[in-house]
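Down below is the structure, laid out as structure tokens.
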Amino acid sequence: MQMFERLILEDADKDLFKSVRALKDSEWSTDFTEIVSLRRRLLILQKWRCAYCQNPIQADENGHRELDHILPKGASPWNSPAKRVSNQFDDRRHTNGYPNFRFEPRNLVIACKVCNNNKGTFDALKDRRRSIVRYPSAARVLWVSPHEHSYSDHVRLNTSCWTYTELTDEGKYLIETCKLSDINNLTELCKLRASALMARADGFPHEVRTLANSISTKTQSIEASVDVLIEKYPGLDRTEANDLLKITANSMKSIDLAELEKANRVLRAATLRLGGGT
Ligand SMILES: [Zn+2]
């Protein structure tokens, strides 16, 4: 599975963007057909990944993906007049919002629920002391702008253990705001991903194979997969779950038939012991 770098538009996207901008006098709603089309298109352009943490978006459904306004569309509820024009990092959740950009496609990206919640009303405009009329270029925004920046220029993401390292100030602000260096948050992200995968699989062997596949394609951590597996199947201990996932994931990358056979044997034995079908 490919990672998401930046939004690269095609000619047809310009017409879609135009139709979204034409809604500018309407109240915000995700029900407009133009917004639905934009959301679907962004999912494809983002390779079905969250623009901020790169976690795979499992489904185009509520709870899995959210259409995020990079600059918040509305005011924060606890809006202090002094703080809403302050450029201090800690004051940036106080904002008047940017209702003029609620239908600006460059202000819209797909994010996962966890990142969207962490970001909240964070206002990333570099200089908030002056009001703006036109949508700002990436140079005037504090963090990685998926419409203009390449993600890997700003954040180094190690997909083996899902750790994020800032390479630039923009990367630093993204990591801090979405809490991508907060271990509790990362664990939550991983477990959400693993639970979503489990929910879409049918029965123990399929669940193991689905999780193992995402481990072998580096879209999931083995630790989170073990966590959700033993949570659902208390008869499985941590070591056994870890070995099972490792062997199955390795067999998916291997062309060695013996590896495949070993993986099938181990999975069959665990399935029988847990009383499930194959
Ligand atoms: Zn995310």
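Just so you know, ligand 1 is whichever comes first in the structure, and atom 1 is the first atom listed for that ligand.
- For the Zn ion (ligand 1), the count of nearby protein N/O/S atoms, taking only those under 2.8 Å, is 4.
- In this structure, Trp143 has its ring center closer than 6.0 angstrom to the ring center of Tyr52.
- Ion pairing of Arg39 with Glu66 is absent here, as no side-chain N (NZ or NE/NH1/NH2) approaches a carboxylate O to less than 4.0 Å.
- With salt bridges taken as basic N to acidic carboxylate O contacts below 4.0 Å, one links Glu231 and Lys191.
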Between Thr168 and His154, is the side-chain hydrogen bond (donor to acceptor under 3.5 Å, both in side chains) condition met? List the steps. CA-CA 5 Å; Thr168 60; His154 299 275; 2.7 Å; yes
Check residues 23-33 and write down every donor-acceptor pair under 3.5 Å in which the side-chain atom is one partner and the other belongs to a residue at least two apart or another chain.
residue : atom : partner : partner atom : Å
Ser26   : OG   : Leu23   : O            : 3.0
Ser29   : OG   : Asp31   : N            : 2.9

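- Note that NE2 of His206 and CG of Asn213 are 9.0 Å apart. Values are rounded to the nearest 0.5 Å.
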